[in-house]
There are 2 protein chains.
Amino acid sequence: MSQGKLFLIPTYLSTDNDASFVSPMVTEVLQNTKHFFVENVRTARRFISSLKAGITIDELEFNILDKKSNWDQMYPLFEPLRNGEDMGVISEAGVPCLADPGNLAVSFAHQTNIQVVPMPGTSSIQMALIASGFNGQKFTFHGYLPIDRNPRQQKIRELEKLSQSGYTQLFMETPYRNQQLIKDILKTCRPDTLLSIAADISGSTEKILTQPVSKWQKTDIQIHKIPAIFSFGQFP
Amino acid sequence: MSQGKLFLIPTYLSTDNDASFVSPMVTEVLQNTKHFFVENVRTARRFISSLKAGITIDELEFNILDKKSNWDQMYPLFEPLRNGEDMGVISEAGVPCLADPGNLAVSFAHQTNIQVVPMPGTSSIQMALIASGFNGQKFTFHGYLPIDRNPRQQKIRELEKLSQSGYTQLFMETPYRNQQLIKDILKTCRPDTLLSIAADISGSTEKILTQPVSKWQKTDIQIHKIPAIFSFGQFP
């Protein structure tokens, strides 16, 4: 018997998104998949239900795959795949395995000869990068910055410097610390450093703006608790 | 009069893709946009036409935005935006501004207060990363490796070393040099280094595999002239 495939299924970026955000190809895969790895069961159910694609949610099996998941849990959870059934990985937002723990399942798949199939969809990181105007030929995503003041300021200076090398530098923050991060950047960076802020990407209050630090210092930007991606970079 | 918006419009990754690859939201934007920046007019026309969305191609205006484009050309081309009409940027494959010259238009938009709106869609870089099983919390994309033998081998060693730091290292090659790159990697890297190769992503011959260099040395992989993304990284 041939084995199933592990599909990487993108979801929404914002609670404002609806089915028009999703490729029909993704919906089609969902219609044929009964077993899932999900970061959050409630979000995954709500997402599949919102597609209005005739899928009976109660027939689906959701296995939680989050920060606490480990290698030893994977073997039993992969049983449907070994039995020839497809499975899907669904993240909390955007594509799975990007700034989320989904790659545990993917790495297990590679090591047990299960085929991995990524589906078209976007991530806030990709959206922020393309909308920044910065170099998309070379870039680094750093995830979250350090929480403590000193290492954090140091990291900001390091990323500012790295961005001068031509590599766009992307990073993020827990949304309720966004305003503090902006404050730290504006205090730390050179006036001519270009900073891009992409907030509530694809949501109804989407705000994407790239300008020098000196101009940000005169801009009243309020994104407290709003998901955002930050980047330093250069214009062509 | 209010200004138009600059939409960043994703296209296919493979010539095997069809309209089911594209979010309905993207098609909707295309139905309301008459002016475009495109990397290749023929590809853009073929893409829009393939969506079968009732768009009359002959009514559309395509402005070439490629490696040779420069800043001075932007002002006149932005006239529709200043006149309140939307414009779109379309790449040769995937999302614009990622490993392509579209960011020239985006940076011009930011500097002239034109709103930039990224649309959902994917890139081969994002697909390769999420399907690798590697860390998606921290990663760097390096674009093309150097062509000459010595700097190239040196770069391979550098990326291999960087991948040990926890940052996934992604790179690519002109497709007709893929086999040479693989040969160089297998000759240069440590046997236990994990290499992921994602070839013909979303195409009918898609092949995505992550395994140690020692196992690649025993694998007959033929991807001459097939677009591919390579990465070094670590499993969780």
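Naming convention: chains lettered A, B, ... in sequence-line order (proteins, then strands); numbering from 1 in each chain.
- Heavy-atom pairs under 4.5 Å with chain A were tallied for B/Q111, B/Q137, B/M25; the largest tally goes to B/Q137.
- Looking at B/S132, the atoms closer than 4.5 Å to chain A (heavy atoms on both sides) all sit in the backbone: N, CA, C or O.
- Of the atoms belonging to B/S123, heavy atoms from both backbone and side chain fall under 4.5 Å from chain A.
- In this structure, B/F141 has its ring center no closer than 6.0 Å to that of B/F171.
- In this structure, the ring of A/F139 has its center no less than 6.0 angstrom from the ring center of A/Y167.
- The contact between A/T210 and chain B is made by backbone and side chain atoms together, counting heavy-atom distances below 4.5 Å.
- Contact annotation for B/L104: both backbone and side-chain heavy atoms come within less than 4.5 Å of a heavy atom of chain A.
- Heavy-atom distances place the backbone of B/V22, and not its side chain, under 4.5 Å from chain A.
- Side chains of B/H110 and A/Q211: no donor on one and acceptor on the other come within 3.5 Å.
- Of all heavy-atom pairs between A/P96 and A/V89, the closest is CG-O, 3.4 Å.
- Annotation: A/F108 is in aromatic contact with A/F78 [ring centroid separation under 6.0 Å].
- For B/M172, no part sits under 4.5 Å from any heavy atom of chain A, backbone or side chain.
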